[in-house]
There are 2 protein chains.
Amino acid sequence: MASAPHLLNALKERNVRLTRQRRVVLDALAVSGNHVRAEDLLREGRKRDPNLDRATVYRTLAMLKEHGLIDELDLLHLDGRGHYYEMRGHQDHVHIGCTECGRVTELHSPIVQALLDEVASHTGFRATSARIEVQARCPECAGGNAREQR
Amino acid sequence: MASAPHLLNALKERNVRLTRQRRVVLDALAVSGNHVRAEDLLREGRKRDPNLDRATVYRTLAMLKEHGLIDELDLLHLDGRGHYYEMRGHQDHVHIGCTECGRVTELHSPIVQALLDEVASHTGFRATSARIEVQARCPECAGGNAREQR
DNA sequence: ATACTATTTGCGACAATGTCGCATCTGAGA
DNA sequence: TCTCAGATGCGACATTGTCGCAAATAGTAT
Ligand SMILES: [Zn+2]
Ligand SMILES: [Zn+2]
Ligand SMILES: [Zn+2]
Ligand SMILES: [Zn+2]
């Protein structure tokens with residue numbers, strides 16, 4: 001439990017009401033890895049509160065997103081039409097998805113910040129977050145023609 | 001009409017069958033500005049072919065995307081849950097959406113290419129396209145309210 | 001021009017994902 | 001403990017996208 005102390009504290013500071021259900025969703029977020037779908041969170045959360053409702057999960061995700069505490073991705077819809085969520089870390093990173101095998105890799109790079117600076121200086125928009133999703137072929141799929149499974 | 005000669009030629013070169021419906025969708029794409037939703041294309045396309053079907057539009061979009069001729073965006077879902085399409089130009093660019101007024105701006109920058117190079121050298125993934133969507137507050141919306149950033 | 005055939009289309013039924021109104025419930029401060 | 005603004009559960013709904021299959025058709029060959 002309390003597996004997401006950072007988020008819990010952030011919500012307290014912002015005077016967001018801490019309901020049992022919200023704690024459950026936060027726990028589910030912490031337990032699941034990155035790139036979780038809403039339905040996964042619902043299933044995971046119901047292990048702790050079997051009455052947890054689909055709408056509550058969506059409403060909680062929307063709230064967390066508004067507060068900038070999670071990011072929403074769709075990983076280029078390489079697999080289905082849903083969206084994915086992950087807790088926001090210290091800095092934005094790049095998501096790279098292979099169009100053939102579906103593998104997703106992350107890359108942290110200072111160039112991301114450089115890009116945001118460029119955005120600010122050229123357009124005057126002050127960025128609050130960035131989503132960078134690169135479509136690619138991974139070394140395995142590009143090299144041999146070995147078919148991987150997903 | 002032939003309002004999208006570039007796409008038409010690309011399809012011919014690839015021996016993709018040029019049906020009446022596909023021409024209609026291409027025309028609709030050319031007539032509509034950037035950031036068009038599938039349903040917009042359906043409505044626009046039906047002006048030319050009233051029997052144009054929803055499934056055909058989606059199938060055509062999927063085909064164009066597979067050939068790398070269009071990009072799919074969701075503009076951070078600042079407005080609804082749908083996705084947007086635009087013809088691919090010579091190089092990828094950055095989409096910047098204001099979280100308050102919803103205005104979307106584009107930015108072309110050499111840093112995008114630098115980022116893709118970084119991806120290649122660090123991960124070995126060979127990028128075929130990049131989607132960069134920045135969430136921000138535009139100068140007008142930021143002006144009135146100097147509030148916390150993050 | 002006509003015939004041929006692999007592809008594509010329209011259609012309808014369906015699945016997945018997300019949203020909303022409203023009655024009820026509850027977290028958190030007093 | 002009391003109180004009530006705000007959160008939840010529920011169900012009904014909307015949107016967005018998908019699929020199988022019979023019928024139509026683009027491109028090619030004759
Ligand atoms: Zn990630
Ligand atoms: Zn999306
Ligand atoms: Zn791969
Ligand atoms: Zn704005």
Side-chain angles (χ1 to χ4, degrees), chain A residues 1-2 7-9 11-28 35-46 48-67 69-70 72-85, chain B residues 2 7-9 11-28 35-46 48-67 70 72-85:
Chain A
M1 282 201 281
L7 292 192
L8 272 180
N9 291 334
L11 291 180
K12 279 177 193 163
E13 279 169 18
R14 291 154 197 256
N15 295 318
V16 172
R17 213 190 252 187
L18 277 178
T19 65
R20 176 171 40 83
Q21 292 88 339
R22 282 176 177 169
R23 291 173 192 273
V24 164
V25 172
L26 291 184
D27 283 355
H35 318 157
V36 199
R37 295 173 306 152
E39 299 296 327
D40 297 330
L41 288 176
L42 177 60
R43 209 167 338 101
E44 182 64 31
R46 277 183 170 164
R48 295 141 210 261
D49 178 349
N51 294 322
L52 180 64
D53 194 79
R54 148 197 301 279
T56 300
V57 172
Y58 280 108
R59 289 191 278 231
T60 300
L61 287 173
M63 181 271 292
L64 291 171
K65 190 176 151 198
E66 262 171 32
H67 285 279
L69 298 173
I70 59 172
E72 184 190 48
L73 318 168
D74 71 16
L75 301 180
L76 294 152
H77 293 296
L78 293 180
D79 178 42
R81 66 212 124 179
H83 291 101
Y84 298 83
Y85 300 89
Chain B
L7 292 192
L8 272 180
N9 290 334
L11 291 180
K12 278 178 195 164
E13 279 169 19
R14 291 154 197 259
N15 294 319
V16 172
R17 217 190 248 189
L18 278 178
T19 65
R20 177 173 38 82
Q21 291 89 338
R22 283 176 176 168
R23 292 172 192 273
V24 163
V25 172
L26 290 184
D27 283 356
H35 317 156
V36 198
R37 296 173 306 152
E39 298 296 327
D40 297 330
L41 288 176
L42 177 60
R43 209 166 339 101
E44 182 65 31
R46 278 183 169 164
R48 297 144 208 260
D49 178 349
N51 294 321
L52 180 65
D53 193 80
R54 148 195 303 277
T56 300
V57 172
Y58 280 108
R59 289 192 278 231
T60 301
L61 287 173
M63 180 271 291
L64 292 172
K65 191 176 152 200
E66 261 170 34
H67 284 280
I70 60 172
E72 185 190 46
L73 318 168
D74 71 18
L75 302 179
L76 294 151
H77 292 296
L78 293 179
D79 177 43
R81 68 212 122 177
H83 292 102
Y84 298 83
Y85 300 88

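In what follows, chains carry the letters A, B, and so on, assigned in the order in which the sequence lines appear, proteins first and then strands, with residues in each chain numbered from 1.
- Contact check, Gln21(B) against dG10(C): a side-chain N or O comes under 4.0 Å of OP1 or OP2.
- Rounded to whole angstrom, the span from the NE2 atom of His77(A) across to the C1' atom of dT16(D) amounts to 11 Å.
- Checked against side chain to side chain contact (heavy atoms under 4.5 Å, CB included), Leu78(B) has the following partners two or more places apart in sequence or in another chain: Leu76(B), Thr99(B).
- Comparing the start and finish of the helix from dA1(C)-dT30(D) to dA30(C)-dT1(D), five pairs each, the helix axis swings through 40°, to the nearest 10 degrees.
- Checked against side chain to side chain donor-acceptor pair (under 3.5 Å), Arg46(B) has no partners two or more places apart in sequence or in another chain.
- Put simply, CG on Asp49(A) is 11 Å from P on dT8(D), counting in whole angstrom units.
- Across all strands, Arg54(B) comes closer than 4.0 Å to base atoms (heavy-atom distances).
- Scanning for salt bridge (Lys or Arg N to Asp or Glu O under 4.0 Å) contacts around Asp49(B) gives Arg20(B), with sequence neighbours left out.
- When the C1' atom of dA7(D) is taken as reference, atom CZ of Arg20(A) falls 11 Å away, rounded to whole Å.
- The heavy-atom pair separating Gly45(B) from Ala28(B) by the smallest distance is N-CB, 4.1 Å.
- Arg37(B) pairs by the salt bridge (Lys or Arg N to Asp or Glu O under 4.0 Å) definition with Asp40(B), not counting sequence neighbours.
- Between Leu61(B) atom CG and dT8(C) atom C1' there is a gap of 15 Å when expressed in whole angstrom units.
- With sequence neighbours left out, Arg22(A) forms a side chain to side chain contact (heavy atoms under 4.5 Å, CB included) with Val16(A), Arg17(A), Thr19(A), Thr60(A), Met63(A).
- Among dG17(D), dT17(C), dG9(D), the nucleotide with an atom closest to any side-chain atom of Tyr58(A) is dT17(C).
- Residues that satisfy the side chain to side chain contact (heavy atoms under 4.5 Å, CB included) test with Ala62(A), not counting sequence neighbours, are absent from this structure.
- If you measure from atom CG of Leu11(B) to atom P of dG27(D), you get 11 Å, rounded to the nearest angstrom.
- Residue-to-nucleotide contacts include no donor-acceptor pair under 3.5 Å from the side chain of Arg59(A) to the base of dG6(D).
- The CE atom of Met63(A) sits 17 Å away from the P atom of dG18(C) (whole-angstrom rounding).
- For the side chain to side chain donor-acceptor pair (under 3.5 Å) test, residues two or more places apart in sequence or in another chain that qualify with Glu44(B) are Lys47(B), Arg48(B).
- Residues forming a ring pair (Phe, Tyr, Trp, His ring centres under 6.0 Å) with His83(A) (at least two apart in sequence, or on another chain): His77(A), His77(B), His83(B).
- The nearest whole Å value for the distance from the CZ atom in Arg22(B) to the P atom in dA24(D) is 19 Å.
- Here the closest non-hydrogen pair linking Val57(A) and Leu42(A) is CG2-CD1, 3.9 Å.
- For His83(B), a side-chain nitrogen or oxygen approaches OP1 or OP2 of dG17(D) to under 4.0 Å.
- Residue Asn51(A) is the one, among Glu72(B) and Asn51(A), whose nearest nucleotide of DNA chain D lies closer to the 5' end (criterion: closest heavy atom).
- The side-chain heavy atoms of Leu73(A) and Tyr85(A), taken from C-beta on, include no pair separated by under 4.5 Å.
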For nucleotides 28-30 of chain C, give me every protein contact, N/O to N/O, under 3.5 Å, one pair per line with atom names.
{"residue": "dA28(C)", "atom": "OP1", "partner": "Leu18(A)", "partner atom": "N", "Å": "2.8"}

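- For Arg81(A), taking side-chain heavy atoms from C-beta onward, the closest of the listed nucleotides dT25(D), dT15(D), dG17(D) is dG17(D).
- For Tyr84(B), there are no side chain to side chain donor-acceptor pair (under 3.5 Å) partners two or more places apart in sequence or in a different chain.
- Rounded to whole Å, the distance from CG on Asp53(B) to P on dC14(C) is 17 Å.
- Residues from residues 36-46 of chain A with heavy atoms under 4.0 angstrom of DNA chain D: there are none.
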